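Here is the structure we will look at.
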Amino acid sequence: MLRPPLAPADLAREPAAVVWASPSVRERATALGLPFAPAGTVPAGASTVIAIGGGAYLDRAKAAVKRDGVARRLVAVPSRWGAGAEVSPIIVLDAPDGSKAIARDDAWVPDERGSWPELADTVDERTALDGCADVWAHALEAEVSPLAGPEVRAQAAAVVADLRATEDGTDPVWFELAARACAVQAQAGVGLAHGIAHVLEGATRHGHGALIAAWLPAAWALLRSRRDAPEGPPAVLHAPAVQAETAPVLRERWAAVLRDPCTRTSGCRVRRDDLEELLSWTS
Amino acid sequence: MLDDRLKELLADVLLLDPEEVTEDLTRTGTETWDSLGVVSLAVGVEETFGYHMRPEEAAAVASVADLVALLRARGVELRA
(Lines give C-alpha, C1' and ligand atoms only; values in the text may rest on other atoms or scores of the structure.)
Protein backbone atom coordinates (compact mmCIF):
# COMPACT_ATOMS: atom_id res chain seq x y z
CA MET A 1 0.00 0.00 0.00
CA LEU A 2 1.46 3.39 -0.96
CA ARG A 3 1.80 6.13 1.63
CA PRO A 4 -0.09 9.31 0.68
CA PRO A 5 2.12 11.82 -1.13
CA LEU A 6 3.23 15.15 0.32
CA ALA A 7 1.40 18.21 -1.01
CA PRO A 8 3.30 21.38 -1.98
CA ALA A 9 2.43 22.95 1.41
CA ASP A 10 4.10 19.96 3.13
CA LEU A 11 7.13 20.21 0.86
CA ALA A 12 7.56 23.87 1.72
CA ARG A 13 7.79 22.94 5.41
CA GLU A 14 10.52 20.31 4.94
CA PRO A 15 13.38 21.19 7.30
CA ALA A 16 16.98 21.37 6.08
CA ALA A 17 15.83 20.82 2.51
CA VAL A 18 17.29 21.86 -0.81
CA VAL A 19 15.51 21.67 -4.17
CA TRP A 20 16.83 20.07 -7.34
CA ALA A 21 14.46 20.95 -10.17
CA SER A 22 14.54 20.10 -13.86
CA PRO A 23 14.61 23.20 -16.09
CA SER A 24 11.00 22.77 -17.25
CA VAL A 25 9.65 23.16 -13.70
CA ARG A 26 12.29 25.30 -12.01
CA GLU A 27 10.26 28.49 -12.14
CA ARG A 28 7.21 26.76 -10.62
CA ALA A 29 9.38 25.20 -7.93
CA THR A 30 10.35 28.65 -6.60
CA ALA A 31 6.86 28.75 -5.09
CA LEU A 32 8.11 26.39 -2.38
CA GLY A 33 10.30 29.18 -0.99
CA LEU A 34 13.18 26.74 -0.47
CA PRO A 35 16.80 27.12 -1.56
CA PHE A 36 17.91 25.56 -4.83
CA ALA A 37 21.13 23.73 -5.61
CA PRO A 38 22.56 22.31 -8.85
CA ALA A 39 21.45 18.69 -9.24
CA GLY A 40 23.87 16.36 -7.51
CA THR A 41 25.10 18.93 -5.00
CA VAL A 42 24.01 19.42 -1.39
CA PRO A 43 25.08 22.57 0.46
CA ALA A 44 26.27 22.35 4.04
CA GLY A 45 23.40 22.19 6.49
CA ALA A 46 20.97 20.51 4.08
CA SER A 47 20.03 16.89 4.72
CA THR A 48 16.96 16.46 2.52
CA VAL A 49 16.78 16.78 -1.26
CA ILE A 50 13.45 17.57 -2.88
CA ALA A 51 13.88 16.48 -6.49
CA ILE A 52 11.28 17.69 -8.98
CA GLY A 53 11.26 16.43 -12.55
CA GLY A 54 10.42 13.60 -14.91
CA GLY A 55 11.35 9.95 -14.48
CA ALA A 56 14.91 10.27 -15.80
CA TYR A 57 15.57 13.29 -13.58
CA LEU A 58 14.22 11.49 -10.51
CA ASP A 59 16.31 8.42 -11.28
CA ARG A 60 19.46 10.55 -11.36
CA ALA A 61 18.41 12.02 -8.00
CA LYS A 62 17.85 8.51 -6.61
CA ALA A 63 21.31 7.50 -7.78
CA ALA A 64 22.89 10.52 -6.09
CA VAL A 65 20.99 10.37 -2.80
CA LYS A 66 19.82 6.80 -2.23
CA ARG A 67 22.65 4.96 -3.97
CA ASP A 68 25.62 7.32 -3.47
CA GLY A 69 24.51 8.98 -0.23
CA VAL A 70 25.05 12.68 -1.04
CA ALA A 71 22.14 13.50 1.29
CA ARG A 72 20.30 11.67 4.06
CA ARG A 73 16.80 11.84 2.62
CA LEU A 74 15.08 12.14 -0.77
CA VAL A 75 11.61 13.43 -1.54
CA ALA A 76 10.73 12.71 -5.18
CA VAL A 77 8.15 14.88 -6.91
CA PRO A 78 7.17 13.82 -10.43
CA SER A 79 6.51 16.60 -12.93
CA ARG A 80 5.08 14.14 -15.45
CA TRP A 81 3.50 10.72 -15.03
CA GLY A 82 4.56 7.41 -16.48
CA ALA A 83 7.75 6.01 -15.03
CA GLY A 84 6.67 5.98 -11.40
CA ALA A 85 10.27 6.64 -10.38
CA GLU A 86 9.01 8.30 -7.20
CA VAL A 87 7.91 4.89 -5.81
CA SER A 88 10.24 2.53 -7.64
CA PRO A 89 13.33 0.63 -6.38
CA ILE A 90 14.66 0.68 -9.96
CA ILE A 91 17.10 3.23 -11.38
CA VAL A 92 17.47 3.61 -15.16
CA LEU A 93 20.49 5.62 -16.26
CA ASP A 94 22.08 6.35 -19.63
CA ALA A 95 25.21 4.25 -20.14
CA PRO A 96 28.15 5.79 -22.07
CA ASP A 97 27.34 3.70 -25.17
CA GLY A 98 23.81 5.10 -25.33
CA SER A 99 22.15 2.01 -23.93
CA LYS A 100 20.17 1.96 -20.68
CA ALA A 101 21.75 0.71 -17.47
CA ILE A 102 18.99 -0.70 -15.27
CA ALA A 103 19.59 -1.68 -11.66
CA ARG A 104 17.39 -2.38 -8.67
CA ASP A 105 17.69 -2.14 -4.92
CA ASP A 106 14.80 -1.88 -2.49
CA ALA A 107 16.85 0.71 -0.56
CA TRP A 108 16.64 3.08 -3.53
CA VAL A 109 12.93 3.84 -3.15
CA PRO A 110 12.66 7.57 -2.26
CA ASP A 111 11.88 8.31 1.38
CA GLU A 112 8.77 10.25 0.43
CA ARG A 113 6.95 11.18 -2.74
CA GLY A 114 5.33 14.50 -3.50
CA SER A 115 2.21 15.33 -5.44
CA TRP A 116 1.94 18.60 -7.35
CA PRO A 117 -0.92 18.22 -9.84
CA GLU A 118 -0.44 21.68 -11.35
CA LEU A 119 2.87 20.54 -12.81
CA ALA A 120 0.82 18.65 -15.41
CA ASP A 121 0.51 22.06 -17.15
CA THR A 122 4.21 21.82 -18.07
CA VAL A 123 3.64 18.73 -20.22
CA ASP A 124 2.26 18.76 -23.80
CA GLU A 125 -0.60 16.46 -24.69
CA ARG A 126 1.40 13.87 -26.68
CA THR A 127 3.95 13.54 -23.88
CA ALA A 128 1.10 13.11 -21.40
CA LEU A 129 -0.42 10.34 -23.54
CA ASP A 130 2.97 8.64 -23.84
CA GLY A 131 3.13 8.67 -20.05
CA CYS A 132 -0.33 7.11 -19.90
CA ALA A 133 0.87 4.35 -22.23
CA ASP A 134 3.78 3.62 -19.87
CA VAL A 135 1.35 3.41 -16.94
CA TRP A 136 -0.83 0.98 -18.92
CA ALA A 137 2.22 -1.12 -19.78
CA HIS A 138 3.28 -1.37 -16.14
CA ALA A 139 -0.16 -2.48 -15.00
CA LEU A 140 -0.93 -4.85 -17.88
CA GLU A 141 2.48 -6.51 -18.01
CA ALA A 142 2.49 -6.91 -14.22
CA GLU A 143 -0.93 -8.57 -14.28
CA VAL A 144 0.30 -11.31 -16.63
CA SER A 145 3.87 -11.51 -15.34
CA PRO A 146 5.07 -15.02 -14.47
CA LEU A 147 6.77 -13.37 -11.48
CA ALA A 148 3.45 -12.18 -10.02
CA GLY A 149 1.63 -14.13 -7.33
CA PRO A 150 -2.17 -14.05 -6.94
CA GLU A 151 -2.17 -11.00 -4.66
CA VAL A 152 -0.03 -8.93 -7.02
CA ARG A 153 -2.16 -10.00 -10.00
CA ALA A 154 -5.25 -8.81 -8.15
CA GLN A 155 -3.59 -5.47 -7.36
CA ALA A 156 -2.58 -5.08 -10.99
CA ALA A 157 -6.10 -5.94 -12.17
CA ALA A 158 -7.50 -3.25 -9.87
CA VAL A 159 -5.12 -0.69 -11.37
CA VAL A 160 -6.09 -1.76 -14.90
CA ALA A 161 -9.77 -1.31 -14.02
CA ASP A 162 -9.07 2.22 -12.79
CA LEU A 163 -7.04 3.03 -15.89
CA ARG A 164 -9.90 1.90 -18.09
CA ALA A 165 -12.26 4.18 -16.16
CA THR A 166 -10.02 7.23 -16.68
CA GLU A 167 -10.74 8.51 -20.16
CA ASP A 168 -8.97 11.87 -20.02
CA GLY A 169 -5.29 11.28 -20.68
CA THR A 170 -4.36 14.75 -19.41
CA ASP A 171 -6.05 14.50 -15.99
CA PRO A 172 -3.55 14.89 -13.12
CA VAL A 173 -5.15 11.83 -11.49
CA TRP A 174 -2.66 9.98 -13.71
CA PHE A 175 0.10 10.91 -11.27
CA GLU A 176 -1.47 8.62 -8.66
CA LEU A 177 -2.34 5.95 -11.21
CA ALA A 178 1.29 5.93 -12.38
CA ALA A 179 2.53 5.49 -8.82
CA ARG A 180 0.15 2.58 -8.21
CA ALA A 181 1.02 0.88 -11.49
CA CYS A 182 4.74 1.20 -10.86
CA ALA A 183 4.43 -0.08 -7.30
CA VAL A 184 2.64 -3.18 -8.63
CA GLN A 185 5.12 -3.91 -11.42
CA ALA A 186 8.00 -3.55 -8.97
CA GLN A 187 6.56 -6.62 -7.19
CA ALA A 188 6.34 -8.62 -10.43
CA GLY A 189 7.96 -7.69 -13.72
CA VAL A 190 7.21 -6.21 -17.10
CA GLY A 191 7.36 -7.75 -20.54
CA LEU A 192 7.90 -7.47 -24.27
CA ALA A 193 6.76 -3.86 -24.66
CA HIS A 194 9.43 -2.82 -22.18
CA GLY A 195 12.00 -5.11 -23.78
CA ILE A 196 11.40 -3.35 -27.11
CA ALA A 197 11.49 0.12 -25.55
CA HIS A 198 14.73 -0.55 -23.66
CA VAL A 199 16.54 -1.63 -26.80
CA LEU A 200 15.14 1.08 -29.06
CA GLU A 201 15.77 3.92 -26.59
CA GLY A 202 19.49 3.60 -27.10
CA ALA A 203 19.12 3.31 -30.87
CA THR A 204 16.55 5.99 -31.75
CA ARG A 205 15.77 9.58 -30.82
CA HIS A 206 12.61 8.58 -28.97
CA GLY A 207 12.08 8.42 -25.24
CA HIS A 208 10.72 5.55 -23.23
CA GLY A 209 7.09 6.68 -23.13
CA ALA A 210 6.91 7.32 -26.87
CA LEU A 211 8.32 3.87 -27.64
CA ILE A 212 5.90 2.20 -25.25
CA ALA A 213 3.02 4.10 -26.90
CA ALA A 214 4.33 2.92 -30.28
CA TRP A 215 4.80 -0.78 -29.49
CA LEU A 216 2.56 -1.72 -26.54
CA PRO A 217 -0.52 -2.29 -28.74
CA ALA A 218 1.33 -4.71 -31.05
CA ALA A 219 3.10 -6.48 -28.17
CA TRP A 220 -0.17 -6.82 -26.28
CA ALA A 221 -2.02 -8.13 -29.33
CA LEU A 222 0.69 -10.78 -29.70
CA LEU A 223 0.31 -11.80 -26.06
CA ARG A 224 -3.49 -11.97 -26.30
CA SER A 225 -3.16 -14.28 -29.29
CA ARG A 226 -1.29 -16.71 -27.01
CA ARG A 227 -3.20 -16.56 -23.70
CA ASP A 228 -6.06 -15.02 -21.78
CA ALA A 229 -5.34 -11.43 -20.91
CA PRO A 230 -7.30 -8.21 -20.41
CA GLU A 231 -8.00 -5.86 -23.29
CA GLY A 232 -5.22 -3.46 -24.12
CA PRO A 233 -5.06 0.31 -23.76
CA PRO A 234 -7.37 2.68 -25.63
CA ALA A 235 -6.42 3.43 -29.23
CA VAL A 236 -5.92 7.13 -28.49
CA LEU A 237 -2.66 6.30 -26.71
CA HIS A 238 -1.10 4.59 -29.74
CA ALA A 239 1.74 6.41 -31.51
CA PRO A 240 1.62 4.97 -35.06
CA ALA A 241 4.10 7.45 -36.52
CA VAL A 242 6.75 6.44 -33.98
CA GLN A 243 5.93 2.79 -34.63
CA ALA A 244 6.46 3.24 -38.37
CA GLU A 245 9.65 5.23 -37.91
CA THR A 246 11.24 2.75 -35.49
CA ALA A 247 10.13 -0.47 -37.23
CA PRO A 248 13.37 -0.80 -39.25
CA VAL A 249 15.40 -0.40 -36.05
CA LEU A 250 13.31 -3.05 -34.32
CA ARG A 251 14.07 -5.40 -37.21
CA GLU A 252 17.82 -4.71 -36.88
CA ARG A 253 17.82 -5.07 -33.10
CA TRP A 254 15.37 -7.98 -32.71
CA ALA A 255 18.04 -10.32 -31.34
CA ALA A 256 18.80 -7.78 -28.61
CA VAL A 257 15.09 -7.50 -27.81
CA LEU A 258 14.88 -11.28 -27.39
CA ARG A 259 17.78 -11.11 -24.93
CA ASP A 260 16.36 -8.23 -22.89
CA PRO A 261 15.46 -9.39 -19.36
CA CYS A 262 11.99 -7.88 -19.63
CA THR A 263 11.27 -9.83 -22.81
CA ARG A 264 12.55 -13.01 -21.19
CA THR A 265 10.11 -12.64 -18.29
CA SER A 266 7.19 -11.71 -20.49
CA GLY A 267 3.74 -13.15 -19.84
CA CYS A 268 3.97 -15.20 -23.01
CA ARG A 269 6.75 -16.92 -24.90
CA VAL A 270 8.31 -14.52 -27.37
CA ARG A 271 9.52 -16.41 -30.43
CA ARG A 272 12.20 -15.51 -32.91
CA ASP A 273 9.66 -15.44 -35.72
CA ASP A 274 7.24 -13.16 -33.84
CA LEU A 275 9.01 -10.16 -35.35
CA GLU A 276 6.98 -10.19 -38.58
CA GLU A 277 3.72 -10.33 -36.64
CA LEU A 278 4.77 -7.34 -34.56
CA LEU A 279 5.86 -5.37 -37.59
CA SER A 280 2.66 -6.09 -39.46
CA TRP A 281 0.35 -5.06 -36.61
CA THR A 282 -1.57 -1.87 -37.27
CA SER A 283 -4.13 -0.03 -35.18
CA MET B 1 15.47 -37.45 -30.85
CA LEU B 2 13.78 -34.59 -29.06
CA ASP B 3 10.16 -33.64 -29.65
CA ASP B 4 10.25 -30.87 -32.28
CA ARG B 5 8.06 -28.61 -30.19
CA LEU B 6 10.35 -29.00 -27.21
CA LYS B 7 13.45 -28.38 -29.32
CA GLU B 8 11.96 -25.19 -30.76
CA LEU B 9 10.83 -24.01 -27.33
CA LEU B 10 14.27 -24.56 -25.80
CA ALA B 11 15.96 -22.84 -28.74
CA ASP B 12 13.70 -19.83 -28.30
CA VAL B 13 13.89 -19.40 -24.55
CA LEU B 14 17.58 -20.24 -24.25
CA LEU B 15 18.45 -18.13 -27.31
CA LEU B 16 20.20 -21.02 -29.06
CA ASP B 17 20.17 -22.38 -32.59
CA PRO B 18 17.92 -25.44 -32.78
CA GLU B 19 20.92 -27.61 -33.73
CA GLU B 20 22.49 -26.79 -30.36
CA VAL B 21 19.54 -28.20 -28.44
CA THR B 22 20.08 -31.82 -27.45
CA GLU B 23 19.03 -33.98 -24.56
CA ASP B 24 22.59 -33.58 -23.19
CA LEU B 25 22.18 -29.84 -22.70
CA THR B 26 22.57 -28.84 -19.06
CA ARG B 27 21.69 -25.75 -17.13
CA THR B 28 25.19 -25.27 -15.76
CA GLY B 29 26.65 -25.62 -19.23
CA THR B 30 24.33 -23.08 -20.85
CA GLU B 31 24.90 -19.39 -20.13
CA THR B 32 21.37 -18.38 -21.08
CA TRP B 33 19.80 -21.01 -18.81
CA ASP B 34 19.95 -18.54 -15.97
CA SER B 35 17.16 -17.45 -13.61
CA LEU B 36 15.47 -15.65 -16.49
CA GLY B 37 15.77 -18.76 -18.62
CA VAL B 38 14.05 -20.77 -15.88
CA VAL B 39 11.13 -18.32 -15.91
CA SER B 40 10.91 -18.24 -19.72
CA LEU B 41 11.02 -22.02 -19.85
CA ALA B 42 8.15 -22.37 -17.39
CA VAL B 43 6.04 -19.92 -19.41
CA GLY B 44 6.90 -21.72 -22.64
CA VAL B 45 6.15 -25.19 -21.26
CA GLU B 46 2.72 -24.08 -20.12
CA GLU B 47 1.95 -22.47 -23.49
CA THR B 48 3.26 -25.32 -25.56
CA PHE B 49 2.25 -28.36 -23.52
CA GLY B 50 -0.44 -27.05 -21.20
CA TYR B 51 1.48 -28.09 -18.11
CA HIS B 52 1.93 -25.50 -15.34
CA MET B 53 5.35 -26.06 -13.78
CA ARG B 54 5.48 -25.20 -10.10
CA PRO B 55 8.36 -22.81 -9.31
CA GLU B 56 10.24 -25.51 -7.39
CA GLU B 57 9.89 -27.90 -10.35
CA ALA B 58 11.23 -25.32 -12.78
CA ALA B 59 14.15 -24.54 -10.49
CA ALA B 60 14.99 -28.24 -10.07
CA VAL B 61 15.27 -28.99 -13.80
CA ALA B 62 19.02 -29.18 -14.40
CA SER B 63 19.07 -30.54 -17.93
CA VAL B 64 16.95 -31.19 -20.99
CA ALA B 65 16.87 -34.86 -19.96
CA ASP B 66 15.41 -33.80 -16.59
CA LEU B 67 12.78 -31.73 -18.37
CA VAL B 68 11.81 -34.61 -20.66
CA ALA B 69 11.51 -36.94 -17.66
CA LEU B 70 9.43 -34.40 -15.72
CA LEU B 71 7.01 -33.76 -18.56
CA ARG B 72 6.51 -37.48 -19.25
CA ALA B 73 5.97 -38.14 -15.53
CA ARG B 74 3.28 -35.43 -15.56
CA GLY B 75 1.46 -37.05 -18.42
CA VAL B 76 2.65 -34.84 -21.26
CA GLU B 77 2.97 -36.81 -24.49
CA LEU B 78 6.24 -36.09 -26.21
CA ARG B 79 6.99 -37.30 -29.69
CA ALA B 80 10.24 -39.26 -29.58
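Just so you know, these numbers use all the heavy atoms, side chains as well, and skip hydrogens, waters and symmetry mates. Every chain is numbered from 1, with letters handed out A, B, ... down the list of sequences. Every value quoted in this text rests on a predicted model; they were computed, and no experiment measured them.
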Worksheet entry | Student check: side-chain heavy atoms of L211(A) and V242(A) closer than 4.5 Å |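 With C-beta onward as the side chain, the pair touches.
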Fill in: L41(B) versus chain A, the contacting section by heavy-atom distance below 4.5 Å
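Answer is neither: L41(B) stays 4.5 Å or more from chain A.
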Discussion item. Please classify the contact of A42(B) with chain A as side chain, backbone, both or neither, using a heavy-atom distance under 4.5 Å.
Written reply: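 For A42(B), neither part sits under 4.5 Å from chain A.
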Test your reading of the model: is there a side-chain donor-acceptor pair from [X] to the backbone of [Y], 3.5 Å cut-off?
X       : Y       : answer
K62(A)  : A76(A)  : no
D59(A)  : V92(A)  : yes
K66(A)  : P110(A) : no
R164(A) : G232(A) : yes

Worksheet item: Between R180(A) and D162(A), is the closest basic N to carboxylate O distance under 4.0 Å?
Response: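 Here D162(A) pairs with R180(A) in a salt bridge, since their nearest N and O are under 4.0 Å apart.
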Practice prompt. Show the numbers, then the answer: is there a ring-ring contact (aromatic ring centres under 6.0 Å, His included) between H206(A) and W215(A)?
Written response: CA-CA 12 Å; H206(A) 296 287; W215(A) 291 103; over 10 Å; no
Considering distance alone, list the donor-acceptor pairs between chain A and chain B shorter than 3.5 Å.
| from | atom 1 | to | atom 2 | distance (Å) |
| --- | --- | --- | --- | --- |
| R264(A) | O | S40(B) | OG | 2.3 |
| R264(A) | NH1 | D34(B) | OD1 | 3.2 |
| R264(A) | NH1 | D34(B) | OD2 | 3.3 |
| R264(A) | NH2 | T32(B) | O | 2.6 |
| R264(A) | NH2 | D34(B) | OD1 | 3.3 |
| R269(A) | N | E47(B) | OE2 | 2.7 |
| R269(A) | NE | D12(B) | OD2 | 3.3 |
| R269(A) | NH1 | T48(B) | OG1 | 3.0 |
| R269(A) | NH2 | D12(B) | OD2 | 2.9 |
| R272(A) | N | D12(B) | OD1 | 3.4 |
| R272(A) | NE | D12(B) | OD1 | 3.4 |
| R272(A) | NH1 | L16(B) | O | 3.2 |
| R272(A) | NH2 | A11(B) | O | 2.5 |
| R272(A) | NH2 | L16(B) | O | 2.4 |

